[in-house]
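Here the structure is laid out as structure tokens; the discussion comes afterwards.
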Amino acid sequence: MLDIKYLRKNVAEATRRLQDRGIESEKLTTLLSLDKARREAIQQVESLKAQRNEVSDKIAYAKRNKTDASEAILAMQEVGSKIKALDARQASLDMEVKNLAAHLPNLAASDVPVGPDEAANVEQRVWEPKTYGQRLKAHQEAPEWLKAHYEVGETLGILDFERGAKVSGARFLYYVGDGARLERAVYNFMLDEHRQEGYTEMITPIVVNDAAMFGTGQYPKFQDDAYRVEGLEQTYIPTAEVPLTNYYSGETLPAEDLPIKFTALSPSFRKEAGAAGKDTRGLIRLHQFNKVEMVKFTKPEQSYEELESMTANAENILQKLGLPYHVILLSTGDMGFSAAKTYDVEVWMPQQQVYREISSVSNTEDFQARRMHITYRNEAGQLALVHTLNGSGLAVGRTVAAILENYQNPDGSVTVPEVLRPYLGGQDKLMATPHH
RNA sequence: GGAGAUAUGGCACAAUCUGGUACUGCAACGGACUCGAAAUCCGUCGAGCCGCUUUUGGCGGUGUGCGGGUUCAAAUCCCGCUAUCUCCUCCA
């Protein structure tokens, strides 16, 4: 949620910055005129309420002294009905204002490239391992024998998309045998790394209420992509960002505790409405996938520093896994609803010869904190909104996909990245093995 | 799932039956005493949110778990909901 006072006072600037996020100027004009009407209604009704309070005191006083107050009561009956009507009018204006405001995306930070879509994104840096050994190099032309990750997984018998579709539907799968073990190794490795970086490990509810979905900005605008629990006002989380960030909703945090850092593994549920036909194969786009998430609560002045370090925490995972990647800064048109600034980390997928998003790290500044009222007391002793950040660290399924492609051998086996071997009982290779 | 109880400032509680300025204590803050502190004494203290404003402040509104209703007036009466506790039931 944007600061309505900022919008009132800086109309021209706000209009321009909203336009950068793809919002037409009429939206703001409408919002501000409703806000003005709302404040006028408040003034009217409040002066009547002040009058009522005053007279009510006099009536109470008269009653205590057993004096007649019927005249004042009669007069107040009329005031009361006026207040009721004005209250109703104000409530409906309140709702309109809130509704409009709740649909406005966050404003982009000043150093975010302006542009309508991903074409305006700016590459920040490219990373690749110093030595590849026998492995394919990044950007090396794909050899004949190289298979897509889902073919590798099916050939080795460790990913079963067919039975996933049979039992659940399209875009669900079973991990089988070494596939399940590899997935578990990957997320255990990630959680261990983040714990060492000072993140507190959490296991969260994976069903949350509507207030939580509103708090992080998924609702009201993006309800169509969420798995709602039938008949209840609850939703299967699309990311652990929702329960992790809402952990402190409505609370005031001790300043000396900031920054607070959480990490959690959770399944993530997405309907992927409107994504039909896009990246349909394999582990890339599923209705349910595992993700290790990072969330931070910071003081405003430290949030951009913390954005950089959180991005580094995501990159660290890929570096230790030896997976080539690059980092891009998203443009105003490509960022998510709640973000003020976002880095995407994209891993190299050799079979398709593209970088594929594996992490998205965002600073939402006070956008989410305002929606869910998370504050701290600043040096001046005043309550102020914290800044919240979130980032994937990383998408687990996509990491498995990247390993299956990047560590694939000509004989169809897959070498296990060294850092994962302790998590797999020392196993250094995945080969086709019967599992039943 | 069933029955009962509870929800009031940072904390502990009173007022609820019988509607009329939300009690008291602790904590906190300011001051006195003191070289300083503790103790003591005096004073202040409803957080947050909203509006107005001449903006280190002032005034008003809201605010007794949440949402409605009745009333001149609701912590108090009525309806709905949520959470917690106890017992039963169920369960890993």
Side-chain angles (χ1 to χ4, degrees), chain A residues 1-10 31-102 203-215 219-220 228-235 243 246-257 297 366-386:
Chain A
M1 196 92 83
L2 298 173
D3 182 2
I4 187 81
K5 285 175 189 159
Y6 165 82
L7 297 178
R8 269 181 217 150
K9 282 181 196 150
N10 307 277
L31 174 68
L32 289 176
S33 75
L34 279 167
D35 174 59
K36 190 154 182 259
R38 172 182 153 272
R39 282 181 295 149
E40 282 164 6
I42 287 173
Q43 284 177 52
Q44 277 181 45
V45 75
E46 283 194 353
S47 73
L48 283 177
K49 281 180 178 175
Q51 187 191 344
R52 180 180 67 184
N53 287 344
E54 201 179 315
V55 176
S56 274
D57 282 352
K58 283 184 185 151
I59 292 170
Y61 182 79
K63 293 263 181 187
R64 271 197 300 271
N65 291 304
K66 316 262 191 236
T67 342
D68 180 53
S70 52
E71 202 176 308
I73 289 174
L74 214 61
M76 281 304 101
Q77 278 173 356
E78 201 185 321
V79 172
S81 64
K82 268 190 204 163
I83 288 174
K84 205 170 193 179
L86 287 169
D87 259 346
R89 188 176 126 73
Q90 191 212 319
S92 90
L93 283 166
D94 267 351
M95 234 173 55
E96 284 185 76
V97 168
K98 268 186 199 145
N99 193 40
L100 282 180
I203 295 176
T204 73
I206 61 172
V207 173
V208 297
N209 62 28
D210 287 355
M213 289 292 278
F214 177 85
Y219 284 2
R228 280 182 76 73
V229 181
E230 182 76 31
L232 294 174
E233 293 188 346
Q234 292 173 325
T235 303
N246 277 280
Y247 183 74
Y248 283 129
S249 64
E251 298 190 32
T252 299
L253 309 178
E256 63 270 23
D257 289 358
F297 305 83
D366 62 13
F367 187 84
Q368 294 179 327
R370 184 172 294 107
R371 286 168 98 93
M372 61 183 114
H373 304 115
I374 305 178
T375 55
Y376 77 108
R377 221 165 266 284
N378 63 23
E379 279 75 19
Q382 294 154 329
L383 281 182
L385 295 166
V386 301

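Chain A is the first sequence line, chain B the second, and so forth, proteins listed ahead of strands; every chain is numbered from 1.
Contact annotation for A:R370: no contact, since no heavy-atom pair falls under 4.0 Å across all strands. The residue A:I42 sits close only to the backbone: its heavy atoms come under 4.0 Å of sugar-phosphate atoms, none of a base. Within 4.0 Å (heavy atoms only), A:L383 reaches sugar-phosphate atoms of the nucleic acid but no base atom. Using a 4.0 Å heavy-atom distance criterion, A:A72 is classed as making no nucleic acid contact.
Spacing between atom CZ of A:R52 and atom C1' of B:U71 amounts to 10 Å, rounded to whole angstrom units. When the P atom of B:U62 is taken as reference, atom CZ of A:R39 falls 20 Å away, rounded to whole Å. Note: CG (A:L48) to P (B:G61) measures 12 Å, nearest angstrom. Rounded to an integer number of Å, the gap from CD1 of A:I73 to C1' of B:U71 is 10 Å. Taking atom CG on A:D57 and atom P on B:C72, their separation rounds to 17 Å, with Å as the unit. Taking atom OH on A:Y376 and atom C1' on B:G48, their separation rounds to 17 Å, with Å as the unit. To the nearest angstrom, P of B:C49 lies 14 Å from CE of A:M1. Atoms CD (A:E233) and P (B:A83) sit 12 Å apart, rounded to a whole Å.
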Verify side-chain contact (heavy atoms from CB on, under 4.5 Å) between A:M1 and A:F214, making sure each step is shown before the conclusion. CA-CA 10 Å; A:M1 196 92 83; A:F214 177 85; 3.7 Å; yes
Check the pair A:V208 / A:N246 against side-chain contact (heavy atoms from CB on, under 4.5 Å), numbers first and verdict last. CA-CA 10 Å; A:V208 297; A:N246 277 280; over 6 Å; no
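For A:K84, the listed nucleotide lying nearest its side chain is B:U70; candidates were B:G51, B:U62, B:U70. Nearest nucleotide to the A:Q43 side chain, out of B:A73, B:C52, B:U62: B:C52. Listed nucleotides B:G48, B:U62, B:C50 differ in distance to A:R377; the shortest reach to its side chain belongs to B:G48. Considering only side-chain atoms of A:S56, the nucleotide from B:A73, B:G61, B:C50 that sits closest is B:A73. In the set B:G61, B:G48, B:C72, B:C72 carries the atom at the smallest distance from any side-chain atom of A:Q77. In this structure, the nucleotide among B:C72, B:U70, B:U62 sitting nearest to the side chain of A:M76 is B:C72.
When the C1' atom is used for both B:U82 and B:C23, the distance is 29 Å, rounded to whole Å. B:U8 and B:G58 have their C1' atoms separated by 29 Å, with the value rounded to a whole Å. With P as the reference atom, B:A92 and B:A3 are 25 Å apart, rounded to whole Å. B:A7 and B:A12: their P atoms are spaced 12 Å apart (whole Å). B:U84 and B:C79 have their C1' atoms separated by 22 Å, with the value rounded to a whole Å. Between B:G67 and B:A83, the two P atoms lie 16 Å apart (nearest whole Å). Taking atom P on both B:U62 and B:U76, the two are 15 Å apart, rounded to the nearest angstrom.
Within 6.0 Å of CG on A:L232 lie more than 12 heavy atoms contributed by other residues, nucleotides or ligands. Within a 6.0 Å radius of CD in A:E256, more than 12 heavy atoms belonging to other residues, nucleotides or ligands are found. Annotation: A:Y219, atom OH; neighbour count of heavy atoms from other residues, nucleotides and ligands within 6.0 Å is above 12.
A salt bridge is absent between A:D35 and A:K5: the closest approach of a Lys/Arg side-chain nitrogen to an acidic carboxylate oxygen does not fall below 4.0 angstrom.
Base pairing of B:C59 is made with B:G51, judged by Watson-Crick or G-U wobble geometry with both donor-acceptor distances under 3.5 Å.
Within the 4.5 Å cutoff, the side chain of A:E54 has no heavy atoms near those of the A:Q51 side chain.
Nearer the 5' end of RNA chain B, as judged by each residue's closest nucleotide, is the contact made by A:Q90, out of A:I59 and A:Q90.
Looking at A:E46, its side chain comes within 3.5 Å of the base of B:G60 through a donor and an acceptor atom.
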